Amino acid sequence: MAGRPSYNQQTNSDDLLHMDEDEGPIYNDGQLPPVSDQEMLHQYNISNSGEPQPRISTSHDDFVGTSAQATAGLPGGPGHATIGSGSGALQPPTLGDSGRSYSQTSALNNYQRYSDIDNDQYSDTASGYYAAGGGIDEDNVPGLPLHQGRSKHRSRNSIMSLGGGIVGRAKNMLGMAPGYSEMDLPLTETGAQLGRAGSGGTDSVQGTTGGEPHARKTPGSTFKFGLSSLPGRSKPDPSTLGPRIIHLNNPPANGVNKYVDNHVSTAKYNIVTFLPKFLFEQFSRVANVFFLFTAILQQIPNISPTNKFTTIVPLGIVLLVSAGKEIIEDSRRKSQDRQLNRSPAKVLRGTRFEDVRWIDLKVGDIVRVESEDSFPADLVLLASSEPEGLCYIETANLDGETNLKIKQAIPETSTLVSSAELARLGGRLRSEQPNSSLYAYEATLTMQAGGGEKELPLAPDQLLLRGATLRNTPWVHGVVVFTGHETKLMRNATATPIKRTNVEKRVNIQILMLGLVLIALSIISSIGDVVVRITIGHKLWYLDYGSMNVASRFFGDVFTYWILYSNLVPISLFVTVEIIKYYQAFLISSDLDIYYAETDTPANCRTSSLVEELGQVEYIFSDKTGTLTCNVMEFRQCSIGGVQYADEVPEDRRVLGDDESGIGIYDFKGLERHRLEGQDGEKIEQFLTLLSTCHTVIPETKAEKPGVITYQAASPDEGALVDGAVLMGYQFVARKPKLVTILVDGQREESYELLAVCEFNSTRKRMSCIYRCPDGRIRCYCKGADTVILERLGVRDDVVEKTLLHLEEYAAEGLRTLCLAMREVPESEYREWREVYDTANTTVSGNRAEELDKAAELIEHDFTLLGATAIEDKLQDGVPDTIHTLQQAGIKVWVLTGDRQETAINIGMSCKLISEDMTLLMVNEDNAEATRSNIQKKLDAIRSQHAGNVEMETLALVIDGKSLTFALERDMEKMFLDLAVMCKAVICCRVSPLQKALVVKLVKRHLKCILLAIGDGANDVSMIQAAHIGIGISGVEGLQAARSADVSIAQFRFLRKLLLVHGAWSYQRISKVILYFYYKNTALFITQFWYSFQNAFSGQVIYESWTMSFFNVIFTVMPPFVLGIFDQFVNARFLDRYPQLYQLSQKGVFFRTHNFWSWVGNGFYHSLLLYFVSELIWWDDGYLSDGRVAGHWVWGTALYTAGLVTVLGKAALITNIWTKYTLIAIPGSLAIWFIFLPVYATVAPKLGFSQEYTNVLPKLFGDPNFWLMIVVLPALCLVRDFAWKYAKRMYYPQSYHHVQEIQKYNIQDYRPRMEQFQKAIRKVRQVQRMRKQRGYAFSQTDESQARVLQAYDTTRERGRYGEMASSRD
């Protein structure tokens, strides 16, 4: 690209933190540099052309005909046609071949941005497939530091390396291994140069004698996901096959190949995988494995002291409820997929276009896509409504870039505008196989021509990707080449991962701890039983001990006591928590505060199992376009001749009379008045003329609306500038290749003859148009970044200084700025310059763009500054406040965007991510060594500053995609991460979808914290799935991200309530419920352990079996639900007002290990009191009034009731907010027990179901000891808890205790006054830092604008089919 730095260009990194105030802005386009001879020699040995060159890709070899065998069996392959076969077959083109400009790997240095396997120098096309094992045949690549024949430990897809051990194997068998995708490839492969000393690439392993290549031994090369016996699992990956032959208008021939259909699925399960995946997921929970083992033990005769069904039945219920929840959630995903798959598309059937569903599209179908529609599959462009087959597409959904891309059909098909002509089209399309590279495509189209066949090359310019949207083009025709999961968009997607929360992992560990406690209790009891039998067993004749084997008795007792104490581990915990999470997700979805009325979009919590993670987020990774911004540009302000004008003027800046101070702002009516009355009238007219003529916009008038002009703009910035000129009376109305017509004040038409265009690119940062104006004079109009315009001015007067102040003001408000300038060019100078320009334009030595840039420099000088413009890249409502509040909550925000650096910094400023008191650390280097040096120097400077106890400045890191590629390498990633975590904000610009995911994975791998990713486009899906929590914005860029996310919301600002309120609530509620579960089970069931010391360790139970089982399932089931769904430790208003409270859940204050042991210990304490005090109350078995004793079951039932009242009292004590549901749950549970007991005690003995309660009821209710127990025991147990709660609040309060007091007594908050004061202080310090941080309003890609301008003649009428003929015809 023109003007790029050379390969050896050195970057000045001495100013480590870029704190030199006099230094200008640092801009970098973020693209890869051009290839120099030195770098080519370094990458490839091309000094001897006779040596074999590196293979580009497997499918490419076959595509150009070097390996006919790979496609011999395919219809239309080498066996059916002569192309590419025989001794004269074409050889693979290499770097020297000028005809090939794109490839599937950037190792060729044909830099097509964001290839998904960039720099993987051993890759071939197969490496894009799941089974490729990283694309390296490690045993056969010479020079790699591996042991030959022992590379199994290196394979990414080795079963033993994924998950490890038995669990890893089971995961792979069930298809649940981590989904392999190109995201698992390193961006660069260290040591990849080692094998290239002798010749090029991996082909060198075959030797130079033409022998057979070695068999590929990498274990991953044959690995397949899922059960191998499942249907369709044996199919080879298409990317490893030969080229794909697609017949035009010949469905039967295409049907032979059985290509995949066009359906897309984001569901987690299907009919075959549901049961194994679900069971694996459930039994990866320790509790479920524990209960399955217990249920099996209960089936063994003479082992179980309880009923054999008391564990298996509740476990079955738990699994059924969990299965039902999974089915419901997955059916929602399937429903959304079904909606997308049934979207309408127009397909050619015969000679007419008919509406069909997307799912019914087939490879080879010719489809018509209309403006604003998304492409239903990957298409090859045949024709469009625009001249020469041009069309505009928006790929924001794919790569995050907002500027429109230009695609162009090949000339031979661009005239196929009618359905009849398309129906007559014959031939075949020879395409590469599906792969994941978004910016590479190779194919040939074979058509009938002159009685023979003509082969036409196809390139990425003709490929329209699924997920992109057609813009500013009425229609296009294309042929489907890839469908469904073979489209490039879906090849970049990863399988829906199974995410487990931090809390769930910790619960598993805690249940293991409880299991160890249970085993310890069982061993103690078993030892006790053996000791009793040996010592006093002969006295206990009524137990009928008999003879025994000590070892078998001991192990038998262990299992018996295991079953007896198994209730210590709560069986209903997981299902209760699952249901609570489901209702929490329902509350999130029902929250009107996060409902977006304009598009009727509520929040949608697709994965309810992750809700508590929302309360622990430490890092947010956000996309920019469509997530932070609306993707709408609006012309806001301008400065002309040192005077400011704006569409909306603040009251304190409005000019009422004449503005003497120079700080007033006029509205646009004032501008019109000044233009007509002569105050700077000439300058204003030239300013508006420049806005309306110096651009690449195409005007469009529709027949049905003859007076309305719509503008086709490749850059939204340019569209906003032209719209701004229209607003001020200068309307751009027509374009011819050499003529631009504008309408002034709706009356006077003026035509400007276009003499030359000096195009914009990221090095020049400006665009110039040279016109012969209506007055006959030649003028050069130029617009660009302030830095490049100011250094080309003829004079620097007061107007320039005033304009600079205005620019700083605009930048402070986060607006995107441009400077506008002009000069009159004498006729003689123009003629001389034109000769230089024409010579440069016809250069064929390969550096034409560079020569054109030099020519432009000759005429772009001595400008007169006309003024500046300010465009608002409109942020979504509430974004700055949301980011500021999230940062106050201790959350770090990183922005990962595909936009250029200046744009990203500008948005960072306007959304308060970067503030004026921050120091920007810029990293944009061209090679790995420079990147390492830059990062290391910045780290050293920060550490030395920190070591010297100097007050640390607030830092923000800005890194571009090229540098990030190097920074993510294994040997540099930790250094990069160390620098990044020291910064308050990080902006990564020009990053690919792959790099977004890799950044998230890097932080996830090294930092033990919860990560949240938020985005709205398909380019964000891999990032969303890589993070612990994925949030999708249901925005204008489609629903791909929302479908793949765990939670979808309509606006970024809703993230504030989602995290600070719902997240904090969910985490605190879930933590409290889990700890309460541990407590209540321990408090009641450990009484059984204390009892064993009195029953000679005989295994006798205190409680009736079914009553014991119903404790968790019926009698204490409601309090956890009420605590988990309705409890609020602080209300929503105060959680939002005091974002610092979020750090309580973020740091895990409510669910630490000591919390677990303190609750379990409290349960042991309560069980001790319950048992021994009840023993005292029922001393001597409780004599009754008639002289009889109450008996074992009367005491056991009374103790059960007292325990139930105690745990319900504890629930009341820990409840923060009482609602009607709390009243129903806590007193209601006790009422259920008192209803259940008489009914069950009466009915069960008569049915022979349970004999324990025979005649117990009248004795129990008539005994005063029973009523004494249920009053005294709970009060005795809970008095310590109440005292502890009082002491914590009064003497050791936490932050939320203070806020609870503020909430209860409604204390006035004086903080807003402080915030206003701080805001005023920041405003004073603002201007000084703006000079370095201004961005400019250009977001075009560096592609030829001239071809667009030369193709259009908008004065011509459109044809019968809506097509516009080329101006060259």
Side-chain angles (χ1 to χ4, degrees), residues 305-307 309-310 542-543 564 567 1080 1083-1088 1090-1092 1094-1096 1098-1118 1166-1167 1169-1209 1224 1226-1278:
T306 60
N307 189 297
F309 299 111
T310 52
Y542 50 86
L543 292 179
L564 195 60
N567 286 298
K1080 69 185 178 77
L1084 187 77
F1085 295 120
I1086 290 301
T1087 53
Q1088 191 72 54
W1090 307 128
Y1091 181 52
S1092 66
Q1094 281 194 292
N1095 64 21
S1098 60
Q1100 174 62 35
V1101 294
I1102 302 176
Y1103 316 116
E1104 191 268 339
S1105 296
W1106 283 104
T1107 308
M1108 197 156 55
S1109 294
F1110 289 153
F1111 178 75
N1112 279 320
V1113 178
I1114 296 176
F1115 306 127
T1116 59
V1117 73
M1118 287 195 291
H1166 284 183
S1167 71
L1169 284 178
L1170 284 168
Y1171 179 76
F1172 286 107
V1173 175
S1174 73
E1175 282 281 293
L1176 290 173
I1177 292 173
W1178 293 86
W1179 193 253
D1180 287 334
D1181 228 4
Y1183 290 112
L1184 301 178
S1185 55
D1186 59 1
R1188 299 182 185 181
V1189 292
H1192 174 80
W1193 297 112
V1194 174
W1195 165 69
T1197 310
L1199 179 56
Y1200 186 92
T1201 307
L1204 181 61
V1205 174
T1206 303
V1207 298
L1208 292 175
I1224 292 169
I1226 296 176
S1229 294
L1230 192 59
I1232 289 171
W1233 164 244
F1234 277 108
I1235 293 168
F1236 169 84
L1237 179 59
V1239 173
Y1240 183 73
T1242 304
V1243 175
K1246 290 181 179 177
L1247 296 177
F1249 186 67
S1250 175
Q1251 300 299 329
E1252 288 91 338
Y1253 280 146
T1254 306
N1255 298 325
V1256 163
L1257 208 57
K1259 305 294 184 190
L1260 182 70
F1261 287 146
D1263 194 333
N1265 285 344
F1266 169 70
W1267 302 106
L1268 179 68
M1269 273 180 66
I1270 64 174
V1271 173
V1272 172
L1273 273 182
L1276 194 62
C1277 289
L1278 295 173

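Given the structure is predicted, the values throughout are model-derived calculations rather than measurements.
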Engineer: Are the ring centres of Phe1111 and Phe1085 closer than 6.0 Å?
Structural biologist: yes
Engineer: Is there a side-chain contact between Thr1197 and Leu1257 (heavy atoms, below 4.5 Å)?
Structural biologist: no
Engineer: Show your reasoning for whether side chain to side chain contact (heavy atoms under 4.5 Å, CB included) applies to Leu1237 and Phe1261.
Structural biologist: CA-CA 11 Å; Leu1237 179 59; Phe1261 287 146; 4.0 Å; yes
Engineer: Which residue in the set Phe1266, Tyr1200, Tyr1103, Tyr1091 passes ring-ring contact (aromatic ring centres under 6.0 Å, His included) when paired with Trp1195?
Structural biologist: Tyr1091
Engineer: Considering non-hydrogen atoms only, spot the tightest contact between Leu1170 and Gly1203 and give its length.
Structural biologist: CD1-CA, 3.9 Å
Engineer: With heavy-atom distances below 4.5 Å as the criterion, would you say the side chains of His1166 and Leu1278 are in contact?
Structural biologist: yes
Engineer: Got a second to check how far Met1108's CE is from Gln1088's CD, nearest 0.5 Å?
Structural biologist: 6.0 Å
Engineer: Ignoring hydrogens, what is the shortest heavy-atom contact between Ile1224 and Met1118? Give both atom names and the distance.
Structural biologist: O-CE, 3.9 Å
Engineer: Please report the closest heavy-atom contact between Ala1083 and Ser1167, naming both atoms and the distance.
Structural biologist: O-CB, 3.1 Å
Engineer: On a heavy-atom basis, which atom in Lys1080 and which in Thr1116 lie closest, and how many Å separate them?
Structural biologist: NZ-OG1, 2.8 Å
Engineer: Residues two or more places apart in sequence or in another chain: which of them pass side chain to side chain donor-acceptor pair (under 3.5 Å) with Thr1107?
Structural biologist: Glu1104, Tyr1253
Engineer: Is there a side-chain contact between Ile1102 and Thr1087 (heavy atoms, below 4.5 Å)?
Structural biologist: yes
Engineer: Can you list everything that forms a ring pair (Phe, Tyr, Trp, His ring centres under 6.0 Å) with Phe1110? Sequence neighbours excluded, please.
Structural biologist: Trp1106, Phe1236
Engineer: Evaluate the side-chain proximity of Asp1263 to Trp1178: yes if any heavy-atom separation is below 4.5 Å, no if none is.
Structural biologist: yes
Engineer: Return the CZ to CG distance between Phe1234 and Leu1204, rounded to the nearest 0.5 Å.
Structural biologist: 8.0 Å
Engineer: Heavy atoms only: give me the nearest Ala1202-Thr1206 pair and the separation to one decimal.
Structural biologist: O-OG1, 2.8 Å
Engineer: For the residue pair Leu1199 and Ser1174, what are the closest heavy atoms and their distance?
Structural biologist: CD1-OG, 3.7 Å
